[in-house]
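See below for the structure under consideration.
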Amino acid sequence: MSDHLKLVVVSAGLGVPSSTRLLADRLAAAVDRRRPVDVQVVEVRDLAVEIAHNFTNGFAGKALAAAQEAVAGADGLIVVTPVFSASYSGLFKSFFDVLDKDALTGKPVLIAATGGTGRHSLVLEHALRPLFAYLRAVVAPTGVYAASEDWGAEGLAERIERAAGELAGLMAGLSAAGTASVAAPRVVPFEEQLARLGAAGA
């Protein structure tokens, strides 16, 4: 059994192949170079029908349930969406809507997006980062946006490496913290605190 940390990549690209999946794969490979990880890819496109059924009947199909379990059990996530109407795609958002509300709590997440023009690069800050902050994930400081003109251009590779390094560090740090034995602080009841104040003032 591998002792590597588990990295789950959620890709919401619609085409085959897609620039969204290409960016997801490059990010995952960069994380693996920093710290060996076991990578599992969730292609949201393949889950579209089961996601729709989950909304209407409340039950997850076999493939969707496996994806939900993978995300919940991951040590870290890379999430990549194409930009539609200046935001994440509806399918991308729908996948996270059908996760358990606590599935991402405290989980390191690297956010990324692809688009046809650099004008949509702020989608990382005005849409993706607030979404994952709301889900109580630990979002890596550097997000990666790749426009059509960025592929092969200067700068993208450096952003990928920087973001991957941050995610690898978060995954390693939180994993170590999770295995450390930390004594829970004692909570002093309010009545006891009042009694102490009364005794001190007597």
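- Note: Asp46 CG to Ile51 CD1 = 10.0 Å, rounded to the nearest 0.5 Å.
- Closest approach of Leu5 and Arg35 over heavy atoms only: CD1-NE, 3.2 Å.
- When ring centroids are compared, Phe92 and Phe84 stay outside the 6.0 Å threshold.
- Remark: Glu154 CD is loosely packed, at most 12 non-hydrogen atoms of other residues, nucleotides or ligands lying under 6.0 Å away.
- Within the 4.5 Å cutoff, the side chain of Val109 has no heavy atoms near those of the Leu135 side chain.
- The distance from the OH atom of Tyr145 to the CZ atom of Arg119 is 9.0 Å, given to the nearest 0.5 Å.
- Nearest approach of Ala168 to Val31, heavy atoms of both residues: CB-CG1, 4.3 Å.
- In this structure a side-chain-to-backbone donor-acceptor pair under 3.5 Å is missing from Glu161 to Glu158.
- Applying the 6.0 Å contact sphere to CD of Glu149 captures more than 12 heavy atoms from other residues, nucleotides or ligands.
- In terms of heavy-atom proximity, Leu64 sits nearest to Glu50 at N-OE1, 2.8 Å.
- Hydrophobic clustering keeps Leu122 apart from Leu131 (ILVMFWY residues linked when any side-chain heavy atoms are closer than 4.5 Å, directly or through intermediates).
- Considering only heavy atoms from C-beta on, Leu91 stays 4.5 Å or farther from Leu47 through its side chain.
- Note on Val144 and Leu128: separate hydrophobic clusters, where clusters join Ile, Leu, Val, Met, Phe, Trp and Tyr whose side-chain heavy atoms are under 4.5 Å apart, directly or indirectly.
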Step by step, work out the side chain to side chain contact (heavy atoms under 4.5 Å, CB included) result for Val79 and Tyr88. CA-CA 11 Å; Val79 299; Tyr88 38 67; over 6 Å; no
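- Closest non-hydrogen pair, Leu99 versus Gln68, comes out as CD2-CG, 3.7 Å.
- For the atom pair CG (Leu77) and CG (Leu7), the distance works out to 7.5 Å, reported to the nearest 0.5 Å.
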Stepwise side chain to side chain contact (heavy atoms under 4.5 Å, CB included) check, Ile160 with Leu23: CA-CA 9 Å; Ile160 288 173; Leu23 179 58; 4.0 Å; yes
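- Here the straight-line distance linking atom CG of Leu27 with atom CD1 of Ile111 works out to 11.5 Å at 0.5 Å rounding.
- Considering CZ of Phe132 and CG of Leu110, their distance stands at 10.5 Å, rounded to 0.5 Å.
- Within a 6.0 Å radius of CZ in Arg136, more than 12 heavy atoms belonging to other residues, nucleotides or ligands are found.
- Cluster annotation: Val16 is not connected to Val10 through the hydrophobic network of ILVMFWY side chains, with a link wherever side-chain heavy atoms come within less than 4.5 Å.
- Thr20 and Thr114 are linked by a side-chain donor-acceptor pair at a separation below 3.5 angstrom, with hydrogens and angles left out of the test.
- Minimum interatomic distance between Leu124 and Gly143 (heavy atoms only, all atoms of both residues): CD1-C, 3.7 Å.
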Show your working on side chain to side chain contact (heavy atoms under 4.5 Å, CB included) between Ile78 and Val80 and close with a plain yes or no. CA-CA 7 Å; Ile78 293 172; Val80 192; 3.8 Å; yes
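- Atom CZ of Arg21 sits about 14.5 Å away from atom CZ of Arg26, to the nearest 0.5 Å.
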Evaluate the criterion side chain to side chain contact (heavy atoms under 4.5 Å, CB included) for residue pair Leu167 and Arg34; output intermediate values, then yes/no. CA-CA 9 Å; Leu167 181 63; Arg34 300 296 185 102; over 6 Å; no
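- Remark: the backbone N or O of Ala147 is paired with a side-chain donor or acceptor of Asp150 at under 3.5 angstrom.
- Between the side chain of Ser18 and the backbone N or O of Leu14 there is no donor-acceptor pair closer than 3.5 Å.
- Without hydrogens or angle criteria, Asp32 side chain to Val37 main chain gives a donor-acceptor distance under 3.5 Å.
- Taking each heavy atom of Ala113 and Val83 in turn, the nearest pair found is CB-CG2, 4.1 Å.
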